[in-house]
Amino acid sequence: MVIGFAIVAAWELVTAIGVVAFRRPMYNALSLVANMLGLAVLFLMLNAQFLFAAQIIVYAGAVMVLFVFIIALMNPQADISFRPRGTEWIYGVVFGVIFAALLGTLLFNHGLTGRLGAFTPEVIAAAGNVQTIGIALYTRFLFPVEVTSVLLLVAAVGAVYLAMRRIR
Amino acid sequence: MTINLSGLGIDYGAILPELIVVGTAIVVLFLDLVVPADRRGWLAGVTVVGLLAALAASFPLWGQDRAAFGDTVIADSLAAFFNVLLIAITILTALISPRFLRALDLDYGEYYILLLGATAGMMLLAAATSLMTIFLGIELLSVCLYVLSGFARTALRSQEAALKYLLLGGFATGFLLYGMALIYGATGSTTLRAIAAATTTAAASNVLLLVGIALLSVGLAFKVSAAPFHMWTPDVYEGAPTVVTTFMSVATKAAAFAAIGRIFIATFPSISSRWYFPLALIAIFSLFIGNLVAITQDNIKRMLAYSGIAHAGYILLGILPGTTQGFTATLFYIAAYAVMNFGAFAVVTAIGAGGEQTADLSYWRGLFYRRPFLATVMTIFMLSLAGIPPTVGFFAKLFVFQSLVTAQIWAPLVVAVIMTIVSFYYYLRVIVVMLAQPDGAVAENRVGFSTSTVLGAVAVATVFLGLFPSVVLDWASHAASLHF
């Protein structure tokens, strides 16, 4: 289990770096697809089969296919030179390394004391995978779900406004 | 498995103001289809009417303690305080908007929909008692503000501001969400009440929780534009349409500080020794960077942006003691900052209705002779931002400093006092420039009735609250007694 997690975590890290490090937009998008597939595997390892399927179908499937289509249609030039100017990147690397070192020493010295959740594999098996998620979404998290719908509405309005070219 | 509906805490009364604001946004969305293009000022009217209804619905929440929807949101005095403040800011923004938007050829109905959406997000953030609703509130207001700062689609500066805000905002959201996930992992709960219950003094050595709180603080500090997470502020404030800057500079900060109060003072008082030092550092950084860099600015929007960073530092000082007195001072400061900073940016908006280059300080030379009314109210706002009596800004600083003295917190206090004296330079400089002899007449359009009424009202409020601060102070001290 731990070895499996380590493999998937390493995969996630590598693909996530690929999302920001590649110079071609298409490679960035494909790295993101690979990253989301790895995330789906993580869900599977946590016995969340429904989330596994949803992650693959919705994110790796629908959303990212749209991304890839758009990139293919817009056909941006291969190398978008988005190199940091001058010496700025040095600060980024220095502070990134310091931050990572701080986090690393903290976690290494003290270890993690998380809390086990209520939804153990046995509980989920008794209630059913999809049912557990559905009931949680529409009871305990009813209000956040409704707020999300408002969020999507204003996002749609904003996107339409920015994309539209009105001719007067 | 049956669904038990009784335990969900469905209580629409508790979120009635938010519902009305969202409802108004949807009404405006449909009205936009039928209102003729040259009559879009009506949409501002509908917006104001809807907001007034939401304002009326906010007053009954005062003094209540109604947790709703499974502890994700609460209707209490703090939420009511921020509802009134945020709705008032939005009403004033909607009143000064039509003239400015027409002048810049941006008079589209989407503006009011996004304005209302942002307001709803801010109100939700102020009322949120769960990590999920805090996140959704922040996202709702951010998404609206990303689009609003890029609302001038043909202006390159506006597009740059929107893109910069979106990218950095997305980055900050990553920190915020990661922090929330770690806190959830450490405490096993998303509601602040349960997190507070799980956070005993022993949790002071729980690394998972502490790292989570640290990352959460980064995300929130970004939203209130506190240093060193302020890099976006000057560019976005400068590039965004001035009327949007007016709104976001005061409203976002207010709403985010409501969440900071609920998180640090109400949820994590037992480990205050752990968050005190980082927050004090952020406050001191903000005071230093905001005040010192503001001196060098020749663009009034950038100057006010750095002044906003400095004020974020002052407001954060009130959080440090972790006491009700400190939080009262914070709330008073937020209200005072909302009044005076809104006024200052509204003057820039009124002048900017002619064109965008008017934010350059050289343009303000001799304003007293050309636009005596605008220059007079601007003087009041500058004096108040500097903290000179008899304006509200003086008492805002006084109460914050007082709470620091009571709590025996000296180092940040000394920095704050010194930096306040430094800030006199750049605030008074604006007044001096306005008093200088004009070097040539520039044709300008008139201010318009609604804008001058708003400016007059805000200026009167700045002085009135400076003479009788106890009015707001009583509300603030009542709202600051958090209990959940």
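Below, chains carry the letters A, B, ... as their sequence lines are ordered, and counting in each starts from 1.
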Closest approach of A:P144 to B:T133 (non-hydrogen atoms, all atoms of both residues): CG-CG2, 4.5 Å
Interface moiety of B:L215 toward chain A, non-hydrogen atoms closer than 4.5 Å: side chain
Spatial distance of atom CZ (A:F143) from atom CG (B:D71) [nearest 0.5 Å]: 12.5 Å
Proximal to chain A - members of residues 142-150 of chain B, heavy-atom separation under 4.5 Å: B:V143, B:C144, B:V147, B:G150
Part of B:F135 within contact of chain A (heavy atom distance under 4.5 Å): neither
More than 12 heavy atoms of other groups within 6.0 Å of A:F141 CZ: yes
Point-to-point distance, once rounded to the nearest 0.5 Å, from OH of A:Y161 to CZ of B:R153: 4.5 Å
A:L151 CG to B:I138 CD1 distance, which is reported to the nearest 0.5 Å: 12.0 Å
Top of B:T187, B:V211, B:I113, B:V22 for chain A proximity - count of heavy-atom pairs under 4.5 angstrom: B:T187
Segment of B:L29 engaging chain A (4.5 angstrom heavy-atom cut-off): side chain
Residues of residues 171-183 of chain B contacting chain A, heavy-atom criterion under 4.5 Å, by residue number: B:F175
Atom group of B:L210 that falls short of 4.5 Å from chain A, counting heavy atoms: neither
Contact class of B:I26 relative to chain A, heavy atoms under 4.5 angstrom: side chain
Heavy atoms of other groups near A:F43 CZ, more than 12 under 6.0 Å: yes
B:L33, CG: over 12 other non-hydrogen atoms inside 6.0 angstrom: yes
A:L162 side, atom CG; B:E110 side, atom CD - distance, nearest 0.5 Å: 9.5 Å
Spacing of A:E146 atom CD and B:I15 atom CD1 [to the nearest 0.5 Å]: 9.0 Å
Proximal component of B:L140, with respect to chain A [non-hydrogen, under 4.5 Å]: both
Under 4.5 Å from any heavy atom of chain B - which part of A:L142: side chain
Contact class of A:L152 relative to chain B, heavy atoms under 4.5 angstrom: neither
Exceeds 12 heavy-atom contacts within 6.0 angstrom, atom CD1 of A:I3: no
